[in-house]
> 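The structure that follows is given in the form of structure tokens.
Note on naming: letters A, B, ... go to the chains in the order of the sequence lines (proteins, then strands), and numbering restarts at 1 for each one. These figures come from a predicted structure and were not determined experimentally.
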Protein chains: 2
Amino acid sequence: MTAQEDSLKLDSMLCFAVYAAGHAFTRFYKPRLDALGLTYPQYLVFLVLWEADGLTVKSLGERLFLDSGTITPLIKRLEGRGLVRRERDSEDERQVLVFLTPQGRALREKALAVPLAVRTALAGEREAVDTLRLGLQKLRASLDEQSGR
Amino acid sequence: MTAQEDSLKLDSMLCFAVYAAGHAFTRFYKPRLDALGLTYPQYLVFLVLWEADGLTVKSLGERLFLDSGTITPLIKRLEGRGLVRRERDSEDERQVLVFLTPQGRALREKALAVPLAVRTALAGEREAVDTLRLGLQKLRASLDEQSGR
DNA sequence: TATTTTTCACTTGCACGCAATTGAATTGCG
DNA sequence: CGCAATTCAATTGCGTGCAAGTGAAAAATA
């Protein structure tokens, strides 16, 4: 096997580990978030909003690395359920500010139980976490090695 | 701030780091995969098929942690482009076997360039990789601490 | 053997995720 | 000031991702 072919195998392990980990994480949160009626990305939006209300769609997107094509419909769904309120900024009519409604704020109380529950569920998954950790360690090492030449 | 509220903040860092890393990875691959005309999950399917041809839809899904609702249409799109061939298993008519076509096999030559190109692009992202690594380390530690009691 | 259960691929419906485009508002430049 | 360039949210189109349900085939059980 050539070195190039070998790197294709390495690639398959590395990129796959990160890819799979992202989805696995989502799956772990799902049962807990179902209780809140939120999806994983919606939960992330609330984690941001509970810290700081009245952000623009753009700044929300920047914090979560999501673009308006994803954020806009997501926020509209939350608005439809009465969890957030959208308001055009009178200072700059291009922008839309997102505020929590009382219900959206109230959701935080229920959400407080989520992190512990997820951590408990993850307790049986040490191996998977380690696999990903080691994969990243290898990736990191290979980056150093590569630029070291 | 209560311990519970604090854990909500920790949660926001941890789950977000893994979430964002998955998408960031996808974005890194995108430009190189565009050259092959493949999406990231399609690339993963080929990484598997280049190693072992003629798998069932089910076993493909198991390896990639994707269910048939995702795999089936994905494979059909690849079939439509002449990169794979689907064939019902005569031994067990429930199953569908996926084979590479000559074009699908030929794609591998182009793909050999992908891993190095991605690694080069990632060279400037040591910090991001480290952030994720450290986040996982903390998560791992908190799992030990929790079950240690 | 006849019937129930299980296993598969497939489909539908919904929610992302992102590229590309649109249109309105603002900014910047001559 | 006036016009071009930029910024922003929204929309469209396509490809995942997954839950829930369908129907055919095989396996298990009576």
> What are the atom names and distances for every N/O pair under 3.5 Å that joins the protein to nucleotides 19-22 of chain C?
none

> Checking all strands, does B:T56 fall into the base, sugar-phosphate, or nothing category for heavy-atom contacts under 4.0 angstrom?
sugar-phosphate
> Closest nucleotide of DNA chain C for B:R86 versus for A:Q42: which of these residues is on the 5' side?
B:R86
> Of the listed nucleotides (C:dT26, C:dC8, D:dG17), which one gets closest to any side-chain atom of B:K58?
C:dC8
> Report the distance from atom CG of A:L60 to atom P of C:dG17, rounded to the nearest whole Å.
14 Å
> Is there a side-chain contact between A:R27 and B:F65 (heavy atoms, below 4.5 Å)?
yes
> Given atom CG of A:D34 and atom P of D:dC18, what is their separation to the nearest angstrom?
13 Å
> Given atom NE2 of B:H23 and atom P of C:dG17, what is their separation to the nearest angstrom?
4 Å
> Counting just side-chain N and O atoms, does A:Q95 come under 4.0 Å of either OP1 or OP2 of C:dT26?
no
> With a 4.5 Å limit on heavy-atom distance, are the side chains of A:L33 and A:T39 in contact?
no
> Under 3.5 Å for both donor-acceptor distances, Watson-Crick or wobble: does D:dG2 have a partner, and if so which one?
C:dC29
> Rounded to the Å, how far apart are B:R81 CZ and D:dC14 C1'?
13 Å
> Taking atom P of D:dA9 as reference, at what distance in whole Å does atom CD1 of A:I71 sit?
10 Å
> Can you check whether A:L38 reaches A:L107 side chain to side chain, under 4.5 Å on heavy atoms?
yes
> How many whole angstroms separate atom CZ of B:R94 from atom C1' of C:dC8?
6 Å
> Should B:R105 and B:D53 count as an ion pair when the cut-off is N to O under 4.0 Å?
yes
> With a 4.0 Å limit, can you tell me whether A:Y19 has a side-chain N or O closer than that to the phosphate oxygens OP1/OP2 of D:dG17?
yes
> At what distance, to the nearest 0.5 angstrom, does CD of B:Q95 lie from NZ of B:K58?
9.0 Å
> Closest heavy-atom contact between B:R119 and A:L139?
NH1-CD1, 4.3 Å
> How long is the line joining CZ of A:R88 and C1' of C:dT26, in whole Å?
13 Å
> Where along residues 72-79 of chain B does a heavy atom fall under 4.0 Å from DNA chain C?
B:T72, B:K76
> Give the rounded distance in Å between these two atoms: CG of B:L97 and P of C:dC10.
11 Å
> Apply side-chain hydrogen bond (donor to acceptor under 3.5 Å, both in side chains) to A:E79 and list each qualifying residue two or more places apart in sequence or on a separate chain.
A:R86
> Do A:Y19 and B:Y40 have ring centroids that are under 6.0 Å from one another?
yes
> Side chain to side chain contact (heavy atoms under 4.5 Å, CB included) for B:R81 and B:Q42? Distances and angles first, verdict last.
CA-CA 12 Å; B:R81 290 168 50 196; B:Q42 286 169 356; 3.9 Å; yes
